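Not measured: the values here are computed from a predicted model.
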Amino acid sequence: MSINAKHKNDFSKRFEFFQLIDPTFLVFSLIAINFLSFIPHTNEEQYLLYANQHFNPEWITGSLMATEFPGTRYLFELLFGWIVDSFGFEKTVFFGRIINFALMSFPIAVLFKQLRFSNLQMILALQIFILFGQNLFGGEWIFGAMEAKTFAYIFIFWGLTKFLKKEYYTAFGLITAATYFHVLIGGWFAISCLLTLLIQKYPFKKTVQLGFLYGLPLLPLLYYLGKNMLGEVPEYIQKVNLDYIYVYFRNKHHIGLFYDFEYFFQNHFIGVLTSLIVFLAFLKLEKLTAFVKTTPVLLTIKNLMLAMFAIGFLFVGVSLMDKLFFDLSGGFLLKSYPFRMQGLACLFFVALSIGFLSQKGRLTDSKHKVLMFLVPILLGSALVNVGLNIRDMVNYQSDTAYNEVIEYLKKETPTSSTIMVLPGNNSQMKNRQNDSFALDLMRRTKRDNFVHFKYIPSTPEKMYQWYQRLKIVEKIEKSPVYLNDVKKEFTINYVLTPQSKELNQKVVFENKAYKIFEIEKENQVGKPIPIKLN
């Protein structure tokens, strides 16, 4: 897949420095340029908070929102709980991402070497993949934050390099390690690999054996998860469909594609359609099928991509059936994030496309000129991300109004306080799953939150409490007087709101952007609050 010889000298003169750089360093540099920051991603806010609280349960004393069953994050929380408790969130995020990006760079560089990509082709593929949003639909991403799944991807990429070399036992051993970091990433990749072996007519008996060898070491993990997450659901919770809450209320951007048809066509349709076109093109177009047959590695990558797309299409259909015939039940394995592999499928599509266009004899004069412009544009887009990251870091530190809120709560309120956050008419509330209003309040103040949309629990009873509290907050937003009833039933010490919000409570702090109200606890115990949970 080298650049057409007709243009080799001219192209090399302009970009020959790429080939002189170690590919692992190039991969690391590109990922770091796009994503290195000390500002926690929303997922880092959530998972590092859990890790810190798991390591030090007294960090936020008695916290309902910060105390969470670790599940398959156990190894991650074991590794990073002490680190974040000792060094703080920002340092852990910054240096944790450096470690994560560095470890991921080694197998990625090996992967592109197996594909016989030049350094330039590798950089183009990765940057285009990043500009695509790292997926065509389903919202999966590989590079960015530092969390359990991104450490799982390190083992996934190493497993992939062994899978391409047909070292299947080593590959599935590495995939097992990935599964211990993130059961869904490792599980869906294992299924994709097993399907690929069947597509390539690998002996069925040996494929089954590999499946058993993969699953056997996972039995302790599955027992641990099942014991804590799949227990009997109390009767009062069954009145509320928790599967619906998880799939369509909380995670429709990832798994509840058919929340309604308008939502699907606005957010997922183009990506699903593009994926279908890519699937059919690599399945049927003679030029593409001939290209991937040139080497076994390309053929395997293509088959993996098709298997991943096929799994995605299957569950797009499942989601549609759930919409049409089961009243958005949220069942049928939708909670298992069946679109996880769409990130890798997108990466494979970009890589195969660049390899196809770079074939000898296919890089015409016009395409060569386009490539000459495309390279600096793509590299420029990475540098733009550097500027955006620097801007965000400066804004993060210089947000005086919000920092004043943090300092007041840390210095002037008891450590046992519980704070309710009312975002008001904050624009982010229009898309609740991306709401980040006061997302970092808990870990920066070491005070418990009454509830936050981001911090959904994994166990049924706590998920019910989380949903109940969200509905309470929504009702208070609409009718602030309802707070008088709520404070009889729940412990709420302070309420943080935007400056424009008015409550019939004592204002103890305000600045140009925020207000903090102190809630006086009623002496009498109120009756249970009648809340209709739809």
- Message: Can you confirm whether Phe143 sits close enough to Thr150 that some side-chain heavy atom of one is under 4.5 Å from a side-chain heavy atom of the other?
- Response: no
- Nearest-0.5 Å distance that lies between atom CZ in Phe94 and atom CZ in Phe38: 9.0 Å
- Taking the side chain as every heavy atom from C-beta outward, state whether Ser329 and Tyr244 have any atom pair closer than 4.5 Å. no
- Message: Centre-to-centre under 6.0 Å for Phe181 and Phe76, is that the case here?
- Response: no
- Task: Kindly determine whether Ile83 and Lys91 satisfy side chain to side chain contact (heavy atoms under 4.5 Å, CB included), including the steps that lead there.
- Result: CA-CA 9 Å; Ile83 295 174; Lys91 290 180 181 178; over 6 Å; no
- Would you sort out whether Asn251 and Tyr246 count as a side chain to side chain contact (heavy atoms under 4.5 Å, CB included), showing the intermediate values? CA-CA 6 Å; Asn251 289 305; Tyr246 191 86; 3.4 Å; yes
- Taking the side chain as every heavy atom from C-beta outward, state whether Leu198 and Tyr202 have any atom pair closer than 4.5 Å. no
- Item | His41 and Arg97, any side-chain heavy atoms less than 4.5 Å apart | yes
- For Lys252 and Leu257, run side chain to side chain contact (heavy atoms under 4.5 Å, CB included): C-alpha distance rounded to whole Å, both residues' side-chain angles, the deciding distance at 0.1 Å, then the answer. CA-CA 6 Å; Lys252 58 181 177 286; Leu257 274 62; over 6 Å; no
- Message: Could you check whether any side-chain N or O of Lys149 sits under 3.5 Å from a backbone N or O of Trp141, counting only pairs where one atom can act as donor and the other as acceptor?
- Response: yes
- Message: Taking ring pair (Phe, Tyr, Trp, His ring centres under 6.0 Å) as the definition, give me every residue that meets it alongside Phe106, ordered by chain and number, with sequence neighbours left out.
- Response: none
- Message: Tell me every residue that passes ring pair (Phe, Tyr, Trp, His ring centres under 6.0 Å) with Phe326, counting only those two or more places apart in sequence or in another chain.
- Response: Phe332
- Item | Validation row: Phe163, Thr170 side chains within 4.5 angstrom (heavy atoms) | no
- Message: I need the Asp392 CG to Ile39 CD1 distance, nearest 0.5 Å.
- Response: 5.0 Å
- Message: Given 3.5 Å as the limit, does a donor-acceptor pair link the side chain of Asp260 with the main chain of Tyr263, or not?
- Response: yes
- Message: Keeping His268 on the side-chain end and Gly256 on the backbone end, is there a donor-acceptor pair under 3.5 Å?
- Response: no
- Query: Who pairs with Leu324 by side chain to side chain contact (heavy atoms under 4.5 Å, CB included), at least two apart in sequence or on another chain?
  - Reply: Phe261, Leu320, Met321
- Message: Could you work out, with ring pair (Phe, Tyr, Trp, His ring centres under 6.0 Å) as the rule, every residue matching Phe101, not counting sequence neighbours?
- Response: none
- Item | Side-chain H-bond candidate by donor/acceptor type, Tyr396 with Glu90, under 3.5 Å | yes
- Got a donor-acceptor contact below 3.5 angstrom from the Thr289 side chain to the Glu286 backbone? yes
- Ignoring hydrogens and angles, tell me if any N or O in the side chain of Asn303 forms a donor-acceptor pair with the backbone of Leu299 under 3.5 Å. yes
- Would you please test Leu344 and Met308 for side chain to side chain contact (heavy atoms under 4.5 Å, CB included) and show each step? CA-CA 8 Å; Leu344 281 172; Met308 291 170 176; 3.9 Å; yes
- Message: Is it the case that atom OH in Tyr259 sees more than 12 heavy atoms from other parts of the structure closer than 6.0 Å?
- Response: no
- Side-chain heavy-atom pair Phe172, Phe212 within 4.5 angstrom cut-off: no
- Task: Using a cut-off of 6.0 Å, state whether more than 12 heavy atoms not belonging to Phe25 lie near its atom CZ.
- Result: no
- Message: To the closest 0.5 Å, what do you measure between CH2 (Trp466) and CD1 (Ile456)?
- Response: 4.0 Å
- Query: Does any N or O in the side chain of His182 come within less than 3.5 Å of the main-chain N or O of Ile185, such that one atom is a donor and the other an acceptor?
  - Reply: yes
- All side chain to side chain contact (heavy atoms under 4.5 Å, CB included) counterparts of Leu280, not counting sequence neighbours: Leu276
- Could you tell me whether the side chain of Leu273 reaches within less than 4.5 Å of the side chain of Ile277, counting heavy atoms only? yes
- Do Phe249 and Phe453 have ring centres separated by under 6.0 Å? yes
- Item | Side-chain donor/acceptor of Tyr455 to backbone N/O of Leu439, under 3.5 Å | yes
- Query: Between Tyr224 and Phe69, what is the ring plane arrangement, given parallel below 30°, perpendicular above 60°, and tilted in between?
  - Reply: tilted
- Message: If only side-chain N and O atoms count, and only distance matters, is there a donor-acceptor pair under 3.5 Å linking Tyr214 with Thr179?
- Response: yes
- Query: Do we see a donor-acceptor contact under 3.5 Å between the side chains of Ser118 and Gln121?
  - Reply: yes
- Message: Considering only residues two or more places apart or on different chains, which pairs with a residue in residues 151-172 satisfy salt bridge (charged side-chain N to carboxylate O under 4.0 Å, His left out)?
- Response: Lys162-Glu167, Lys165-Glu167
- Task: Sequence neighbours left out, what pairs pass salt bridge (charged side-chain N to carboxylate O under 4.0 Å, His left out) with at least one residue falling in residues 307-327?
- Result: none
- Atom CG in Leu213, atom OH in Tyr168: separation rounded to 0.5 Å? 14.5 Å
- What residues form a side chain to side chain contact (heavy atoms under 4.5 Å, CB included) with Thr161, not counting sequence neighbours? Val110, Leu111, Gln114, Trp158
- Glu68 and Lys462 ion-paired at < 4.0 Å: yes
- Message: With rounding to the nearest 0.5 angstrom, report the CE to OG distance, Met393 to Ser37.
- Response: 4.5 Å
- Query: Has Ile270 got more than 12 heavy atoms of other residues, nucleotides or ligands less than 6.0 Å from its CD1?
  - Reply: no
- Scan residues 329-351 for pairs that pass salt bridge (charged side-chain N to carboxylate O under 4.0 Å, His left out), counting only residues two or more places apart or in two chains. Glu140-Arg340, Asp243-Lys335
- Query: Which residue pairs satisfy the salt bridge (charged side-chain N to carboxylate O under 4.0 Å, His left out) criterion with at least one member in residues 200-213, sequence neighbours excluded?
  - Reply: none
- From Leu210 atom CG to Thr207 atom OG1, the distance as rounded to the nearest 0.5 Å: 6.5 Å
- Message: Taking Lys454's backbone N and O only, do any of them form a donor-acceptor pair with Arg250's side chain (distance below 3.5 Å, no angle check)?
- Response: yes
- Which residues pass the side chain to side chain contact (heavy atoms under 4.5 Å, CB included) test with Ile191, sequence neighbours left out? Trp188, Leu195, Ile311
Mind listing the side-chain donor-acceptor pairs of residues 379-388 below 3.5 Å, one per line with the distance, residues two or more places apart or on another chain?
residue, atom, partner, partner atom, Å
Ser381, OG, Gln127, NE2, 3.0
Ser381, OG, Leu378, O, 2.5
Asn385, ND2, Asn34, OD1, 2.6

- Item | Validation row, ring centre Phe151 to ring centre Phe80 under 6.0 Å | yes
- For the rings on Phe356 and Phe282, is their centre-to-centre separation under 6.0 Å? no
- Message: Test your reading of the model: is there a side-chain donor-acceptor pair from Gln342 to the backbone of Gly139, 3.5 Å cut-off?
- Response: no
- Query: Taking the side chain as C-beta and beyond, is there a heavy-atom pair between Glu147 and Leu48 under 4.5 Å?
  - Reply: no
- Query: Looking only at atom types and distance, does a side-chain atom of Ser319 sit under 3.5 Å from a main-chain N or O of Val316, one as donor and one as acceptor?
  - Reply: no
